[in-house]
Structure formats: structure tokens, C-alpha cells
2 protein chains.
Amino acid sequence: MSPMKNLHSPTFSPLYRQIRALITRSLEAGEWGPGDVIPSESELAARYGVSQGTVRKAIDEMAAENLLVRRQGKGTFVATHNDPRSLFRFLRLSANEGALPPIKSVPLECWRAKAGAEVAKTLGIEVGAPTIIIRRLLQFGEEPVVFDELYLSGELFPDLTLDILKANEMSLYSLFETRYGVRMIRADERLRAVSADRVSAEFLKVAEGSPLLLVERVAFTYGDKPVEWRRGLYSTRNFHYHNVLG
Amino acid sequence: MSPMKNLHSPTFSPLYRQIRALITRSLEAGEWGPGDVIPSESELAARYGVSQGTVRKAIDEMAAENLLVRRQGKGTFVATHNDPRSLFRFLRLSANEGALPPIKSVPLECWRAKAGAEVAKTLGIEVGAPTIIIRRLLQFGEEPVVFDELYLSGELFPDLTLDILKANEMSLYSLFETRYGVRMIRADERLRAVSADRVSAEFLKVAEGSPLLLVERVAFTYGDKPVEWRRGLYSTRNFHYHNVLG
DNA sequence: CAGTGGTCTAGACCACCTC
DNA sequence: AGGTGGTCTAGACCACTGA
């Protein structure tokens, strides 16, 4: 790689960001899958014709954003949702008291439909394009806590059915990643307080009209491409959504 | 500074973390106040007897945690809450549609009391120690959106009164920092959905029993010392709490 | 122009893991 | 022993700021 000293160029980006873009492209292309080791820093430095320090800085950034995971003495790995530590990066729930009981995901429904205006806009697809809709209940111990409704672009998850969801104990994002090669790397959430309607109240075993936490999420894969829209109703009697402001 | 190559020591920490600790100590001691420039990287390197690269790595970490702010060509500055960009790091509210109207903070009450068991535990002070309690309303445009109740350790804010709160247009954290030298660097929040009681409903101009977002916050200053406990009720009809999962 | 942070390099050595 | 990432150094040059 030439240094590309594009002086005074408006599109200037330092060498380590160009390296980062190359590594990201290999991730998108699937050259290294989730959980795999990527080549060592010195190998990458040789491949791209830069110093090890420059590769290192590129990887530093990607590790800080949870795209890669460094393990001293072993190598650098592609991040994966199969890692239990990564689960709570995308499920910000804690128990009001004591430890969190074991989590169980209960798929309820899964069907296909054509994208309406709102879904199409959110997922960046055409109105009328195929989508998948999933309804699902999250239980902590035996207590139902989250009632989720998900919208996915249908093309990315060709054969997804309720049976497949039921057959997989792993988290949804693990399934998406393992079976469909779609890795979620970031999500935006919007939180509001709402009143439980009849259906939600029934699933969550609370009184109709009870206050519930509404969590709307748009999840993105590589290249900030939106691939999931999710609306979750959280029962926050015994659990809460936690967040760190830094 | 000697390299401190404490091999095989359980308390080993790399040189740049030791430098970081020294810089942090100077921040705590007030050697450089919020908004000030700190010495240049080469100056600090000379002062501590390490290379510039090592100082740089220490500052990198602190900048990533919003303790310091780098400005190319100008220097490195102590972060401050007077910066409008920093306001929304601690107030995660957005409008459901359109831009956010101007924010107005309306102090309602401010009195002193002895710490109860819960407050004492949260703030890490003795039961019966002096505390300050503040009630305040946050308006977006003319619409009341957040009804806050704050508990502060009394010793840190000696002369704080309702009049002082009313006389300062700036954010609370700016005031705490400017007037009392207490800088909030991190906060943990817990979110739940609750029903509006009579008092809150009145302040927020919603019907009694309406769903509200309850946000409990513990804010920390240097050394992870808790100094504020806050309970806020958010009316989320036209606004929402936003969060990024990465 | 001088001073700041930002980038890039090359080389040495340490800490950890595996064989 | 040999590989990996982690730390530390020294030096060169670039980009931005303000006098």
C-alpha cells in the first residue's frame, strides 16, 4: 500500500484508517468469519505494506468498537454473539435485587409479509419487499419479562421459520450470525413508557393498562446497514434497563 | 519516573497507566481545572521522565473516557460540562419528531436533611450526615418533560440554596463544577416504567396514572466516588430516551 | 514562524500461550 | 522454542493553530 499522502485533499484519511477499511472489507466479505482468528499483526503489516504499528492502530480502533477481540499470546479474533459476554451488550436488563435468573427465549410466531412504508423506510428497502415478522417472549426464570416484535428484511434470512427459531436455544443474534452470516454490530434504541394493551398484558402477565417500558431498536450490520427493526415491551416490576453514561 | 518493571508482581500496571494515574491525581487536586489546557505531551514526558509516546497513550485513554479533550494545534484540555456538546451525554432525550426545543431548568425546591439509610448507602456517607435535596422541572420549550429529585452529599456543596439554583441558567453539572469544583465523570442509570402519582402528574401536566419513565441515576466524580443520587420522571409522549448499543 | 497534537516507522523487549 | 499481542522508545514528518 502506498502511503497515499493526499495532502490538502478533502477525502484525506490517515493510513491506519485505510487499513481499517481494508480489514472491514475482509470481514464483510466473510474472509474471516465470527470467532475466527485473523492474521497476526506482522502478517497484515506485510500484506498491506505498512508497519506493524499502523496495523496495530487500526485493530485498536476496531477492538474498541467490539468488532475484533484481542487475546494476548493467541491472536486477534472476529467478535461473535456466541460469546455470552456479548449478550448483555444488547440486552440491558438487570434484576432489581440479586442475580439475573437464567434467560429463556420463547418464539411465538414467525411469518412473512410485504414491507409497509414505515418498515421499508427503517430497513432501507423497497415498499412491498419481502420481510419477516417474529414475535417472541423472553422469560427470566419462569417470569415473562419482554414481549418482542421483530421486522427483518426477508432477503437476508431466506429460510427462516418458527421451527428453526424453536430448534435453536442460542440468542437470535447468534442464530442470525451462524446461519445467515448477518452480524449485528450496533443498535440504536428509543425508550418510552406506555400502557399495556390487552395482548401484551396477557403475555407479560400484568394488568391491562400497567406501565411498560417500550424499547424500539434499529440494529445495523457492517457498513451501518439497518437489518432489524424491533419493538419490545419490558415489564419492569422486578427488572430494570440499565445504562452507563460516560 | 523509573520504568517500574515489577515483573511477576500482582500489582503490575504498565507505565502508561501509572502516568495516567499521575495525571488523574493532578486533576483531582485541581492543578488543572475544567476547561484549562494541561501541559503539552512533551512537557509531561519530560516531567515524568518517559517518552512522549507513553504520555500519549495515557492521554488517549483519558480522552476516550471524556476526561480530557484533544484539540490539534492547540493542546489538551480538561473536559467540562460547560461544553454544550457534553450536555446530551448526560441527558439522553430526543424529540420524537423534529429538533429538540430549547431546554429550560426550573428549580422548585432545595432543602437540607439528614441522610436516611438508603441515601447514605448510595452516596457512601454516614446515616445522619447532612444532605441536600433538590426538586426541579425540566422544560423543553414550554412543555414540562422531566420532574427530578436529587440527593447530594451536603459537605461538598456548602452554601447551595434555591436562590443560587435560580440565579444560574447553566446546567446543574456546570454549576457543581464551576462553583463547587465537583466534576461528574460517569453515571449509572436504571430505567423503569411507572404510573404517575398525583404530584408528578400535576407537574408534568399528564393524567394521574399515565405511564412515565422512571430514571434513577447515581453519578460519580473522580475515583468512582458517588456524589449524586437522582430520580427523574420523564414524560415520554413527545420525547424519548435514546441509547446506542455498540 | 514556532508550538501543538496526529501519523508513521523501526526496533527492542516483555507477557502470555502453545507445542 | 517460537509465536502472538502488549509496552516503550526515538525520531521523522504532517496538519492545525495562532502570533
Side-chain angles (χ1 to χ4, degrees), chain A residues 1-23 32 35-79 83, chain B residues 1-23 32 35-79 83:
Chain A
M1 156 154 309
S2 72
M4 287 202 199
K5 302 193 184 185
N6 37 8
L7 271 67
H8 307 130
S9 159
T11 61
F12 167 79
S13 81
L15 195 45
Y16 72 87
R17 278 197 197 280
Q18 301 174 39
I19 302 300
R20 184 200 155 132
L22 291 174
I23 296 174
W32 316 302
D36 290 354
V37 205
I38 72 170
S40 72
E41 293 178 354
S42 47
E43 274 182 81
L44 289 173
R47 178 203 288 207
Y48 299 130
V50 300
S51 80
Q52 191 193 340
T54 299
V55 170
R56 184 164 186 78
K57 186 148 188 178
I59 293 179
D60 275 346
E61 273 200 353
M62 299 180 73
E65 295 173 26
N66 298 117
L67 298 171
L68 298 175
V69 178
R70 296 169 164 295
R71 286 184 225 162
Q72 183 172 142
K74 301 175 79 169
T76 301
F77 298 76
V78 182
D83 183 348
Chain B
M1 155 154 309
S2 73
M4 288 203 198
K5 301 196 182 183
N6 38 6
L7 272 66
H8 306 129
S9 159
T11 61
F12 167 80
S13 81
L15 195 45
Y16 73 86
R17 277 194 198 284
Q18 301 174 38
I19 302 301
R20 185 198 154 131
L22 292 174
I23 296 174
W32 315 303
D36 290 354
V37 202
I38 72 171
S40 72
E41 292 178 356
S42 47
E43 272 181 82
L44 289 173
R47 175 201 292 205
Y48 299 130
V50 300
S51 79
Q52 190 194 342
T54 300
V55 169
R56 185 166 185 76
K57 187 150 186 178
I59 293 178
D60 275 346
E61 273 200 353
M62 299 180 72
E65 295 174 25
N66 297 303
L67 298 171
L68 298 175
V69 177
R70 297 169 164 298
R71 285 185 225 161
Q72 185 172 148
K74 301 175 79 170
T76 301
F77 298 75
V78 182
D83 183 348

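Chain letters run A, B, ... following the sequence lines, proteins first, then strands; residues in each count from 1. This one's a predicted model, so the numbers in the text were calculated from it and none came from an experiment.
The interatomic distance linking B:Arg56 (CZ) with D:dT7 (P) rounds to 16 Å, in whole Å. Taking atom CD of residue B:Gln52 and atom P of nucleotide D:dT7, one finds them 18 Å apart after rounding to whole Å. Regarding A:Gln18, its CD atom lies at a distance of 12 Å from the P atom of C:dT7, rounded to whole Å. We find that CD of A:Glu41 is positioned 12 Å from C1' of D:dT7, with the value rounded to whole Å. Remark: P of C:dG3 and CG of B:Leu44 are 17 Å apart, rounded to the nearest angstrom.
Within residues 57-73 of chain B, the residues having any heavy atom closer than 4.0 Å to DNA chain C are, in order of number, B:Arg70, B:Arg71, B:Gln72, B:Gly73.
Contact check, A:Ser40 against D:dT4: a side-chain N or O comes under 4.0 Å of OP1 or OP2. Proximity of A:Lys74 to the phosphate of C:dT18: a side-chain N or O atom is located under 4.0 Å from OP1 or OP2.
For B:Thr54, counting side-chain heavy atoms from C-beta on, the closest listed nucleotide (C:dG5, D:dC8, C:dT9) is D:dC8. Picking from C:dG6, D:dT7, D:dT4 the nucleotide with the shortest atom distance to the side chain of B:Tyr16 gives D:dT7. When distances are taken from the side chain of B:Glu43 to each of C:dG5, C:dT4, D:dG6, the shortest belongs to C:dT4. For A:Thr76, taking side-chain heavy atoms from C-beta onward, the closest of the listed nucleotides C:dA10, D:dA10, D:dG5 is D:dG5. The side chain of A:Pro14 lies closest to C:dC8 when the candidates are C:dG5, C:dC8, D:dT9.
A search for salt bridge (charged side-chain N to carboxylate O under 4.0 Å, His left out) contacts involving A:Arg17 returns A:Glu61, not counting sequence neighbours. Under the rule for a side-chain contact (heavy atoms from CB on, under 4.5 Å), the partners of B:Glu43 that lie at least two apart in sequence or sit in another chain are B:Pro39, B:Ser40. Every side-chain contact (heavy atoms from CB on, under 4.5 Å) that A:Arg56 has, sequence neighbours left out, goes to A:Glu41, A:Asp60, A:Arg70. For B:Asn66, the side-chain contact (heavy atoms from CB on, under 4.5 Å) test picks out B:Arg89, with sequence neighbours left out. B:Asp36 meets the salt bridge (charged side-chain N to carboxylate O under 4.0 Å, His left out) test with no other residue; sequence neighbours excluded.
Side-chain contact between A:Ile38 and A:Leu44 is present, with heavy atoms from C-beta onward closer than 4.5 Å. With contacts defined as side-chain heavy-atom distances shorter than 4.5 Å, the pair A:Tyr48/A:Leu15 does not qualify.
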